[in-house]
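A short write-up of the structure that comes next.
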Number of protein chains: 2
Amino acid sequence: MTVDEQTRTEGPRSKRRMILDAAIDNFGGVGFEHTKWATIADEVGIGQTALYHYFESKVHCLLTIMSNELERSLERTRAVTAEVSDPDEQIRVAVAAAFDVTPREALQERILMSHQDLLVGERSSKREEAERERARELVREIEHEWAALLKAGMDAEVFARHDEVVLARLMLGMINSVWRWYRPKGAHTLAEISEQVVAACVRLAH
Amino acid sequence: MTVDEQTRTEGPRSKRRMILDAAIDNFGGVGFEHTKWATIADEVGIGQTALYHYFESKVHCLLTIMSNELERSLERTRAVTAEVSDPDEQIRVAVAAAFDVTPREALQERILMSHQDLLVGERSSKREEAERERARELVREIEHEWAALLKAGMDAEVFARHDEVVLARLMLGMINSVWRWYRPKGAHTLAEISEQVVAACVRLAH
DNA sequence: TCTAGAACCGAATTCAGATCAGGAGCAACG
DNA sequence: CGTTGCTCCTGATCTGAATTCGGTTCTAGA
């Protein structure tokens with residue numbers, strides 16, 4: 001659906017993808033407010049005004065990056081959990097998948113983490129608001145997906161009884177909090193972190 | 001030290017506290033970028049320029065709110081954990097204390113959550129940078145405090161062996177993630193949430 | 001070839017945050 | 001008492017980055 005939509009709305013000369021990539025690198029690297037919109041234009045090799053052909057505003061671009069990543073992450077979770085049926089194993093593969101990302105996807109996760117507050121308040125412009133609602137809906141679906149995994153495990157009496165909605169949020173909160181401090185050059189590799197978070201989530205579920 | 005410093009540097013006519021309170025309500029309510037610096041001035045009843053007598057910039061005010069809350073939170077954690085010695089009980093009271101906050105402190109926690117990315121990059125101006133470093137140092141101390149609690153529990157063979165530093169971060173990530181979705185009028189009260197997070201943290205430690 | 005729409009641009013505008021150049025009130029001190 | 005030195009405050013002005021305006025160029029398809 002997404003690929004179709006992108007292919008459909010993007011002409012062959014489109015620099016949309018280049019803009020998004022440059023924006024991800026900049027927003028994720030030096031931060032959103034610290035990134036000048038003009039810099040993105042320079043990096044892509046177009047005038048600043050041309051950016052408005054693709055995005056309604058700097059924030060609209062950010063929201064697009066965020067909902068794209070949410071969508072990717074949701075799809076991936078669904079894909080890997082569908083492959084296994086044991087509740088414990090489902091949690092394991094879901095968490096592992098959350099950390100099995102490219103460097104750029106890691107940046108997108110960090111951006112997502114740093115700007116979730118944007119998803120709270122209404123946006124005045126049409127396209128921004130549409131993108132915001134898409135993102136919110138995806139967040140809801142992700143929470144629902146995880147809650148369902150937990151619920152299934154509880155019903156199968158593999159997991160202990162808990163409020164699955166709150167537990168899902170806590171688990172996701174823990175998983176995502178990693179993007180706040182993880183750095184590619186840091187003391188811990190993603191693989192190491194992943195392993196520990198997988199174990200932690202399994203403990204949480206029981 | 002802080003109280004002394006504030007009392008020392010604040011004259012009787014000072015509107016510093018009023019500004020901070022107005023800023024917390026606005027930043028926490030409608031968001032930092034959505035809040036006009038001029039609005040704060042209006043609410044306090046002074047001209048926009050007068051704000052610069054107290055804070056070097058809007059961001060400096062935000063950083064001050066953040067490090068204030070970090071400091072309060074750290075002190076509180078230290079105070080309540082010092083009262084008990086059983087590792088399980090220490091985790092329990094520490095988590096409970098994290099959710100035992102006034103409505104305004106809850107807003108400060110939300111602000112803290114939404115702008116931790118500010119603590120990453122260097123700030124150009126002196127006072128901003130000083131405040132940023134104070135905040136970073138407090139974050140480090142908080143992580144260290146929790147890691148120490150976990151380590152003590154592991155050494156006492158109450159908790160299972162894990163990397164206490166990573167586990168502390170994950171636990172704090174989970175606890176703090178609540179401020180992202182908790183709302184006073186929401187489906188869950190803070191007391192209910194607290195109870196569930198306490199239980200979750202105990203499970204994590206074992 | 002003609003044309004709709006995608007892609008683009010330089011100049012001008014906007015607006016919130018920040019600066020400038022002071023002024024008023026108050027306490028302390030000689 | 002006057003003056004010195006703070007804290008606290010202000011109106012006018014500036015700045016810089018996002019955005020708008022009013023177009024032009026390019027290209028796929030009829």
Side-chain angles (χ1 to χ4, degrees), chain A residues 5-23 26-27 29-65 115 118 121 123-129 131-132, chain B residues 5-23 26-27 29-65 115 118 121 123-129 131-132:
Chain A
E5 200 163 291
Q6 283 182 2
T7 321
R8 177 153 38 81
T9 57
E10 284 190 41
R13 291 184 295 159
S14 176
K15 297 220 171 75
R16 199 183 133 91
R17 192 62 250 168
M18 287 175 69
I19 294 171
L20 281 171
D21 285 344
N26 280 277
F27 295 169
V30 302
F32 176 74
E33 20 289 313
H34 212 272
T35 303
K36 279 165 215 140
W37 206 203
T39 307
I40 308 287
D42 286 349
E43 284 182 17
V44 176
I46 57 178
Q48 312 174 26
T49 355
L51 292 172
Y52 293 90
H53 176 68
Y54 299 97
F55 299 100
E56 201 170 28
S57 66
K58 196 183 165 193
V59 168
H60 178 226
C61 176
L62 176 63
L63 286 167
T64 303
I65 291 171
H115 299 95
L118 266 184
R123 299 261 111 207
S124 41
S125 79
K126 268 279 161 57
R127 293 170 67 193
E128 273 182 23
E129 179 60 14
E131 205 62 52
R132 183 184 79 93
Chain B
E5 201 163 289
Q6 283 181 3
T7 321
R8 177 152 39 80
T9 56
E10 281 189 43
R13 291 185 291 160
S14 176
K15 297 218 172 77
R16 198 183 134 91
R17 192 62 249 167
M18 287 174 69
I19 293 170
L20 281 172
D21 285 344
N26 280 278
F27 295 170
V30 303
F32 176 73
E33 21 286 320
H34 239 76
T35 303
K36 276 164 217 147
W37 205 205
T39 307
I40 309 287
D42 285 350
E43 284 181 18
V44 175
I46 56 178
Q48 312 173 25
T49 343
L51 292 172
Y52 292 90
H53 176 68
Y54 299 98
F55 299 100
E56 202 170 29
S57 66
K58 197 184 165 192
V59 168
H60 178 226
C61 177
L62 176 64
L63 285 168
T64 303
I65 291 170
H115 298 95
L118 266 183
R123 298 261 113 207
S124 41
S125 79
K126 269 279 160 56
R127 292 170 69 194
E128 274 184 21
E129 179 60 14
E131 204 64 50
R132 184 184 79 92

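Letters A, B, ... are given to chains in the order of the sequence lines, protein chains preceding strands, and every chain is numbered from 1.
One can place CG of A/Asn26 at 11 Å from P of D/dA18, the figure rounded to the nearest angstrom. As a whole-Å value, the separation of A/Glu33 CD from C/dG17 P is 13 Å. Taking atom CZ of residue A/Phe55 and atom P of nucleotide C/dA7, one finds them 12 Å apart after rounding to whole Å. D/dA17 atom C1' lies 13 Å from atom CG of A/Asp42, rounded to whole Å. Between B/Arg17 atom CZ and D/dT7 atom P the separation is 20 Å, expressed in whole Å. Atom CH2 in B/Trp37 sits about 15 Å away from atom C1' in C/dT19, given to the nearest Å. Atom-to-atom, CG of A/Leu62 to P of D/dA18 comes out at 13 Å; the value is rounded to the nearest Å. When rounded to the nearest whole Å, the span between CZ of A/Arg127 and P of D/dT19 equals 12 Å.
A distance of 6.5 Å separates CZ in B/Arg123 from CG in B/Leu63, rounded to the nearest 0.5 Å. Here the NE2 atom belonging to A/His115 is positioned 8.0 Å from the NE2 atom belonging to B/His115, to the nearest 0.5 angstrom. Taken to the nearest 0.5 Å, the CG atom of B/Leu118 stands 12.0 Å off from the CD atom of B/Glu131.
The stretch residues 45-53 of chain A touches DNA chain D through A/Gln48, A/Thr49, A/Tyr52, each having a heavy atom within less than 4.0 Å of the strand.
Between C/dA6 and A/Lys15, no contact under 4.0 Å exists linking OP1 or OP2 to a side-chain N or O.
Across all non-hydrogen atoms, the minimal contact from A/Phe27 to A/Cys61 is CE1-SG, 4.3 Å.
Nucleic acid contact class of B/Thr35 (heavy atoms, under 4.0 Å, all strands): sugar-phosphate only. Within 4.0 Å of B/Ser125, counting heavy atoms only, lies no atom of the nucleic acid at all.
Counting heavy atoms from C-beta on, the side chains of A/Asn26 and A/Glu43 come closer than 4.5 Å. In this structure, B/Arg16 and B/Thr64 have side chains that are in contact, with non-hydrogen atoms separated by less than 4.5 Å.
Residues passing the side chain to side chain donor-acceptor pair (under 3.5 Å) test with B/Ser125, sequence neighbours excluded: B/Glu56.
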Between protein and nucleic acid, restricted to nucleotides 28-30 of chain D and to nitrogen or oxygen atoms under 3.5 Å apart, what atom pairs and distances do you find?
none

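The aromatic rings of A/Trp37 and A/Phe55 are tilted relative to each other, their planes meeting at an angle between 30° and 60°.
Taking for each of B/Arg13 and B/Lys58 the nucleotide of DNA chain C with the nearest heavy atom, the 5'-most of the two is the partner of B/Lys58.
Figure legend: B/Lys15 and B/Tyr54 shown without cation-pi pairing, the cationic atom not lying both under 6.0 angstrom from the six-membered ring centre and within 45 degrees of its axis.
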